[in-house]
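Have a look at the structure below before the remarks.
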Amino acid sequence: MDFNLNEEQQMLADTVQRMVRDQYSFEKREGYYRSSDGFSPEFWQQLSELGITSVPVGADYEGFGGSGVENMLVMTELGRGLCLEPFLHSQIYAAGLVEQLGSSEQRRSLLPKVAAGEWRLAVADEEPGSHYDPESIACMAIPCDRGWRLEGSKRVVIGGDSAKFILVSAKIQDTDGVSVFLIDPEADGVTSQSYPCIDGPRACDLALNGVYVECDDLLGAPGKAAPALIYQRGRAGAAQCAEALGNMEEAFRLTLDYLKTRQQFGAPIGRFQSLQHRMADMRGELELARSMVILAACVADDPVSDERSRQLSAAKFVVARASQFIAEQAIQLHGGIGMTWEYSLAHHAKRLVMLAHQFGDDDFHLAQYSALLDLPRQVA
Amino acid sequence: MNIHFTPEEQAFRQEVQAFLRSNLPDDLARKVRLGRRLAKSDHQRWQKILSQQGWYAVNWPVEHGGTGWSVVQKHIFDEECAAAGAPRIVSFGVNMVAPVIIRFGTPAQKDYYLPRILSGEDWWCQGYSEPGAGSDLASLKTRAHRDGDHYVVNGQKTWTTLGQHANRIFCLVRTDPGAKKQEGISFLLIDMDTPGITVRPIITLDGEHEVNEVFFDNVRVPVENLVGEENRGWTCAKYLLTHERTGQAGIGLSKAALEQLKRIAMAETVRGRPLIEDPMFRARIAEVEMRLMAVEMSTLRILAATRDGGVPGAESSLLKIQGSEIRQAITNLMRKALGPNALPFLEHELEPDFDGDPLYQDYSAAPASQYFNMRKLSIYGGSNEIQKNIIAKMVLEL
């Protein structure tokens, strides 16, 4: 048992923290949000120059080969800064899928460019009816001459409008297994509609009308991608928990400062016991969340097992509940100012609540955990 | 960063498991698992077994007969004992007054009291709370005035857990009524056989005689029974409270209770199927298990920090709150798992010597009583609200 970071890990955390602090003031973020890209290509460039974009990618593909712990450190800091870049979806989720499913040729052609930050990827796995279940999809791949034609629609592809390639999940016509295809968003038959999400990042919906995919652009064996999607959603979920932790710490810090400075009834409002106890409750939730972020980071790359699935679902559950609690309490303790667009806290609160809407919310993971509940051998 | 116990720690866990398998009497483990009340002799029997193994005084330094275990080993030991259904250790002697005596006591006090605690000859109880001094402990009024070689003690203590079994009590008494609240208090060791002491039972809402009132009427206590300096007893009290609070998360006990909850939910039926297959009830178990996982991870983080030389501070206040809430949540579900079968109040089935046939099931008599008994967790050892005050002051600096 060791919860300390080694020197290299501490340096990584410090580096990202410094970059975010210097480059990502709330005012700048507001500018990035309103820009045509919806994030900062310059910041992405810096992440790439310092090797941060390579952290999650395997060492065989010019990546750093970071573990769940390194991903945790990067994501915590990006979360603290409310960063809008699709780091998690491209570098951790999509790259992880390519690494797990792709042929060596596919990995060699894609991952070094991703590690270098030159190409970003996105994953299109949610649909109008999928609701966090990567197997409940209607998107179809119809076999054709030397490939497939994709038909269907994909929803809320985070980072999809700035991605070089998109990994699209679909079922091959008249079969039940899920496959993952690599498509170029510029390809014929792809219609993309882009929008900002309520918590900041940019996403798009895709309409796929007979999009031609070559044989070589199928990732993994036909119909066999579901386990990889589930496994990588676990890794991504763990990284997202870390993003939430950075967010929570910042929302907590802002609220504590506010309690010490805001005067009412002739005293700082932090003198009032009812507010102190709310703050203590928030601290309690924050520590539980931190514990689960660490647990998730340590097991994210473990081999598939019920134990790993339980731990990752428990992490998502505890972190989602803590995030929502801290978001709601932080707004309440700030009063009206916490409701305004111009104050960063409101954006942390939105992010904290809405993060649960990716990779499964607390209810989804409660059901997952419940299904995997470990039972004693003997009844009472 | 890694979350695994070391190979040595895992070997230690196996050693503890093996010891428990061959030394924990089945009848004791059964009583504990079913939530029966334990007799004084049950506690003493288990304590003797641990003492013989040298595993009773886990918190003491080796030179006084302790184990010298690391905090992680202690955690593993507690967890395995709870999982096996070992009776909980009654802390007042071995884990509360003993550390105070070791830290603040005279050589004579150490030589006299510590071996008697180890051997089980002495059973200690705690004289802290008073009718007018609960969360506000420092407002205690029990008075001790000096008369030659003695203190003369007058006053009343309350909520004295298992005082009916005790032959000794450690007390906070006011020796300087003129001083400021915390400054006029002293820490006294008192023989329960001294004339003038009366113990009266308080029956709690679950029907159990677990706590007592203790009255002091001109009780003469030799001055050599003072621990530390006169009027400096608050220092001892605070030191003791930190010992009381560590381990209060009760991870092992909650895990054991959760196992029993699952077993009950597998045995009880709803609409002709095992309750554990009811999606709603199953999800409620899942929810509490996930939270317990988080509290366990927090505990391990604190243990690792303590092992590396850190001092557990206000984190233990958070763990006390979270640990007590989880155990209460588990006993709540255990009660609900029984449905109408939780209603019959069959006290004789809870008694230590009950060996008849239960009216319904052997597991069904205790859960409702235990649910009510466990309300104490968020009240004692510094109520959960007091813990929040501590966090607000010490951590948040509000």
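Proteins get letters first, then strands, A, B, ... in listed order; numbering begins at 1 in each. These values consider heavy atoms only, across backbone and side chains, with no hydrogens, waters or symmetry-generated copies.
Taking chain A as the reference chain and counting heavy-atom pairs below 4.5 Å, the highest number among B/A392, B/A304, B/S298 is found for B/S298. In terms of heavy-atom pairs under 4.5 angstrom with chain B, the leader among A/I294, A/L275, A/L256 is A/L256. Most heavy-atom pairs under 4.5 Å with chain B: of the set A/A280, A/A289, A/A297, A/A371, this distinction falls to A/A280. Ranked by heavy-atom pairs shorter than 4.5 Å toward chain B, the options A/A367, A/A380, A/A315 are led by A/A380. Interface summary for chain A: among B/V72, B/T6, B/V395, B/N389, the most heavy-atom pairs under 4.5 angstrom belong to B/N389. Ranked by heavy-atom pairs shorter than 4.5 Å toward chain A, the options B/D362, B/I391, B/L300 are led by B/L300.
If you measure heavy-atom distances from A/R271 to chain B, you find no contacts under 4.5 Å at all. Residue contact with chain A, scored on non-hydrogen atoms closer than 4.5 Å, involves the backbone and the side chain of B/E397 alike. Only the side chain of A/D281 comes within contact range of chain B, with at least one heavy atom under 4.5 Å from a heavy atom of that chain. Looking at A/F3, the atoms closer than 4.5 Å to chain B (heavy atoms on both sides) sit in the backbone and in the side chain alike. The part of B/L318 that comes within reach of chain A is its side chain, from C-beta onward, which places non-hydrogen atoms under 4.5 angstrom from that chain. Using a 4.5 Å cut-off between heavy atoms, B/D308 contacts chain A through its side chain alone, with no backbone atom that close. Contacts of A/M72 with chain B are made by side-chain atoms alone, with heavy-atom separations under 4.5 Å and no backbone atom involved.
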| query | Stepwise, does the side-chain contact (heavy atoms from CB on, under 4.5 Å) test hold for B/L396 with A/F252? | reply | CA-CA 10 Å; B/L396 308 177; A/F252 184 86; 3.5 Å; yes
| field | Test log, rule side-chain contact (heavy atoms from CB on, under 4.5 Å), inputs B/I3 and A/V299 | value | CA-CA 9 Å; B/I3 52 170; A/V299 305; 3.8 Å; yes
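Surrounding CG of B/D136 are more than 12 heavy atoms belonging to other residues, nucleotides or ligands, all under 6.0 Å away. Residue-environment remark: CD (A/E7) stays at or below the threshold of 12 foreign heavy atoms within 6.0 Å. Within 6.0 Å of NZ in B/K393 there are 12 or fewer heavy atoms belonging to other residues, nucleotides or ligands. Atom CZ of B/R284 is surrounded by 12 or fewer heavy atoms from other residues, nucleotides or ligands within 6.0 Å. A/E8 CD: 12 or fewer foreign heavy atoms inside a 6.0 Å radius.
No donor-acceptor pair under 3.5 Å is formed between the side chain of A/R321 and the backbone N or O of B/R291. In this structure a side-chain-to-backbone donor-acceptor pair under 3.5 Å is missing from B/K388 to A/Q273. At least one donor-acceptor pair closer than 3.5 Å links the side chain of B/Q322 to the backbone N or O of A/G284. Under the 3.5 Å distance criterion, the side-chain polar atoms of B/R307 are matched with a main-chain donor or acceptor of A/M1.
Among all heavy-atom pairs drawn from B/L398 and A/G270, the shortest one is CB-O, 3.7 Å. Pairing each heavy atom of A/P376 with each of B/R263, the nearest pair is CG-CG, 3.7 Å. Shortest non-hydrogen contact noted between B/K262 and A/D374 is NZ-O, 2.6 Å. The minimum heavy-atom distance linking B/A294 with A/S291 is given by the pair O-CB, 3.8 Å.
Note that CE of B/M1 is 9.5 Å distant from OG of A/S67, once rounded to the nearest 0.5 Å. Here the CD1-CG distance, from B/I285 to A/L375, works out to 8.0 Å after rounding to the nearest 0.5 Å. A/R377 CZ to B/M266 CE: the interatomic distance, rounded to the nearest 0.5 Å, is 10.5 Å. Residue B/M290 holds its CE atom at 8.0 Å from OG of A/S370, rounded to the nearest 0.5 Å.
Taking 4.5 Å as the limit, every side-chain heavy atom of B/M293 sits out of range of all side-chain heavy atoms of A/V318. Side-chain contact between A/Y369 and B/E287 is absent, with no heavy-atom pair separated by less than 4.5 Å. Side chains of A/E287 and B/I302 form no contact here, defined as non-hydrogen atoms less than 4.5 Å apart. In this structure the side chain of A/V69 never reaches within 4.5 angstrom of the side chain of B/N2, judged on heavy atoms.
Below 4.5 Å, heavy atoms of chain A meet heavy atoms from B/I276, all part of residues 268-276 of chain B. Using a 4.5 Å heavy-atom cut-off against chain A, no residue of residues 331-341 of chain B qualifies as contacting.
Residues passing the side-chain contact (heavy atoms from CB on, under 4.5 Å) test with B/T299 are B/H75, B/A249, B/I251, B/V295, B/L303, B/L319, sequence neighbours excluded. Partners of A/H277 by ring-ring contact (aromatic ring centres under 6.0 Å, His included), not counting sequence neighbours: none found.
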